[in-house]
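What follows is a short report on a single structure.
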Amino acid sequence: MTELPPLPPPRNVRSRAARHRSQTQVEAVPESLVSTALHSEAFVGRWRNMLVELYGYQQREGVLLVPGVTGGRTAVHVPMLSYSELSMSEAEALKSRLGGGSFQIRVLDGTVKTFQPNETVTMRLNLASGSEDEVFNGIIPSKCRNHIRKSEKSGIRIRVGVQEDLIDDFYQVWGTTMHRFGTPVFDRRLFSLLPRHVDTRYLVGYLDDKPVSGVCLVLDEKVAWVPWAGSLMEYRNVSPNHILYWHAIRMSLEAGRPVFDFGRSGYLAPTFVFKDEWGAEPVRVLTLSSSQSDVYSKYTLAANVWKRLPRVVVDAVGPRLCRYLPDL
């Protein structure tokens, strides 16, 4: 188990004006990175290779061909990433080259400043100060800091690594969370392949030797990203995910990553609210697609049905189904 260093002490004098000045100092120079930092080309290439190994997708220039459940194929720039290495102009150019047919390209658009409910955003925290104290006391709001302290005092112990038994524990907790949200789970093999292709850490929280929370942390050149996380509802009174996220943020600071990306959510959805409580800022994720339906609205009915199916059914069907869903 990993023993955590003590949390940064609260600052003695913390007026509202002082807090605002502190945030301004941290954000003034690197603010653009929070809204513009993309994945590196090398990372995208390794991610694409991982999916070819996992699902056997065929490749065309700049895209993978994802088969549909009922036939046909969708040309997807990089499945399962919220955005890639492409700027908006580069994404538009790829769209033009693809011509007709079914296609999907996700792209980060930091120019959007207003959002509508359920629009896709990714939530980002500014770590450019490199200071644990500045992030904990200057950016993360007091309510969230209290949850972190509660989680720390609960006796949760943390394991970090990529061992197969640790991945099993992560997958168990994450799968339970996804069922609660009505979302099919990826093949277990994905989570073993991930560390072989990209810089990955699994963090799992235990109470009385039982895994109760899990976070997957992926490091790129400028971005530390959490694509998947989960916790067991029966332990929510001890905020089991908060201590893991804080430890992931600490690891990202130590690794020198200026942006911590909590992953994408529908604007104002429950997962958005959780990330917003950390002081994270929304950045719009646009989907250039032959089908313009919003992914969160598109699957609302399916999610309501899925979460009511027995766990044994979704665990058997979900990993097979995910191969055919380019929206995930």
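Predicted, not measured: the structure shown is a model, and the values here were computed from it.
- A distance-only check finds a donor-acceptor pair linking the side chain of Arg106 to the backbone of Asp327 [under 3.5 Å].
- Val273 and Met233 fall into different hydrophobic clusters, where Ile, Leu, Val, Met, Phe, Trp and Tyr side chains are chained together by heavy-atom contacts under 4.5 Å.
- Few gaps surround CZ on Arg180; more than 12 heavy atoms of other groups in view lie less than 6.0 Å from it.
- Side-chain atoms of Ser252 come within 3.5 Å of backbone atoms of Ala248 as a donor-acceptor pair (strictly under, hydrogens ignored).
- Shown here for Pro141 and Gly279, the closest heavy-atom pair between the two residues is CD-N, 3.6 Å.
- With hydrogens and angles ignored, the 3.5 Å screen pairs no side-chain donor or acceptor of Arg250 with any backbone N or O of Glu132.
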For Leu65 and Gln59, what are the C-alpha separation, side-chain angles and deciding distance, and is it a side-chain contact (heavy atoms from CB on, under 4.5 Å)?
-> CA-CA 6 Å; Leu65 301 179; Gln59 299 190 65; over 6 Å; no
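- Of the possible donor and acceptor atoms, one in the side chain of Arg308 sits under 3.5 Å from a partner among the backbone N and O of Asn304.
- Considering Leu244, Leu127, Ile148 in turn, Leu127 is the only one that fulfils the side-chain contact (heavy atoms from CB on, under 4.5 Å) rule with Ile249.
- Residue pairs satisfying the salt bridge (charged side-chain N to carboxylate O under 4.0 Å, His left out) criterion with at least one member in residues 50-74, sequence neighbours excluded, are absent.
- Between Gln172 atom CD and Thr177 atom OG1 the span is 10.5 Å, to the nearest 0.5 Å.
- Using a 4.5 Å cut-off on side-chain heavy atoms (C-beta onward), Tyr267 and Gln116 make no contact.
- Ring planes of His242 and Trp278: parallel class, angle under 30° (limits at 30 and 60°).
- Here the straight-line distance linking atom CD1 of Ile105 with atom NZ of Lys95 works out to 8.0 Å at 0.5 Å rounding.
- Between the side chain of Ser129 and the backbone N or O of Ser131, at least one donor-acceptor pair lies under 3.5 Å.
- Residues that satisfy the ring pair (Phe, Tyr, Trp, His ring centres under 6.0 Å) test with His179, not counting sequence neighbours, are absent from this structure.
- A distance of 4.5 Å separates CG in Leu207 from CD1 in Ile156, rounded to the nearest 0.5 Å.
- Classification of the Trp174-Phe170 ring pair by plane angle, with boundaries at 30° and 60°, yields parallel.
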Quick one: do Glu164 and Arg188 satisfy salt bridge (Lys or Arg N to Asp or Glu O under 4.0 Å)? Show the steps, please.
-> CA-CA 10 Å; Glu164 288 298 323; Arg188 164 64 178 78; 2.7 Å; yes
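- Of the possible polar contacts, one joining the Lys113 side chain to the Gly110 backbone as a donor-acceptor pair under 3.5 Å is found.
- Side chains of Asp169 and Tyr202: a donor-acceptor N/O pair is absent below 3.5 angstrom, by distance only.
- Looking at Ser96, its side chain never comes within 3.5 Å of a backbone N or O of Leu94 through a donor-acceptor pair.
- Under 3.5 Å, the side chains of Arg311 and Thr176 contain a donor-acceptor pair of N or O atoms.
- Between Leu64 and Pro79 there is a side-chain heavy-atom pair separated by less than 4.5 Å.
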Evaluate side-chain contact (heavy atoms from CB on, under 4.5 Å) for Val259 paired with Asn126, printing each intermediate quantity in order.
-> CA-CA 5 Å; Val259 176; Asn126 189 339; over 6 Å; no
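- Atom CG in Asp276 sits 10.5 Å away from atom SG in Cys144 (nearest 0.5 Å).
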Taking it one step at a time, do Phe181 and Trp306 satisfy side-chain contact (heavy atoms from CB on, under 4.5 Å)?
-> CA-CA 9 Å; Phe181 287 139; Trp306 192 264; over 6 Å; no
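- Using a 4.5 Å heavy-atom threshold, the side chains of Trp228 and Val218 count as separate.
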Given the rule in the side-chain contact (heavy atoms from CB on, under 4.5 Å) test, do Tyr57 and Val66 qualify, once you have shown the distances and angles that lead to the verdict?
-> CA-CA 6 Å; Tyr57 290 148; Val66 178; 3.9 Å; yes
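- Taking CD of Glu41 as the reference point, atom CG of Leu86 lies at 8.5 Å (rounded to 0.5 Å).
- Between the Asp208 side chain and the Lys210 main chain, no donor and acceptor come within less than 3.5 Å of each other.
- Between Phe43 and Trp225, the two ring planes are perpendicular [angle over 60°; tilted spans 30° to 60°].
- In this structure the side chain of Arg257 reaches within 4.5 angstrom of the side chain of Leu219, judged on heavy atoms.
- Heavy-atom minimum distance, Asp261 versus Arg124: OD2-NE, 3.1 Å.
- Considering all non-hydrogen atoms of both residues, Ala229 and Met178 come closest at O-CE, 4.3 Å.
- Between Tyr55 and Tyr324, the closest side-chain pair of non-hydrogen atoms is not below 4.5 Å.
- When every heavy atom of Thr271 is checked against every heavy atom of Ser265, the shortest pair comes out as OG1-OG, 3.0 Å.
- Proximity of Val107 to Val285: side-chain heavy atoms (C-beta onward) are nowhere separated by under 4.5 Å.
- When atom types are taken as modelled, the side chain of Thr74 and the backbone of Val76 share no donor-acceptor pair closer than 3.5 angstrom.
- Cluster membership check: Leu328 shares its hydrophobic cluster with Val69, using side-chain heavy-atom separations under 4.5 Å among Ile, Leu, Val, Met, Phe, Trp and Tyr.
- Aromatic pair Phe274/Phe272: ring centres not closer than 6.0 Å.
- Arg284 places a side-chain N or O within donor-acceptor distance of the main-chain N or O of Thr120, the cut-off being under 3.5 Å.
- Between Ser40 and Glu85, the side chains place no donor N or O within less than 3.5 Å of an acceptor N or O (distance only, hydrogens not considered).
- Residues His197 and Arg46 come closest through the heavy atom pair O-CD, 2.9 Å.
- By the 4.5 Å heavy-atom criterion applied to side chains, Arg201 and Val162 are not counted as neighbours.
- In terms of heavy-atom proximity, Pro211 sits nearest to Val204 at CB-CG1, 3.9 Å.
- Atom OG of Ser213 and atom CD1 of Ile158 lie 7.5 Å apart (nearest 0.5 Å).
- At a cut-off of 3.5 Å, with distance as the only test, a side-chain donor of Ser87 or Ser89 sits close to an acceptor on the other residue.
- Val314 places none of its side-chain heavy atoms less than 4.5 Å from the side chain of Val185.
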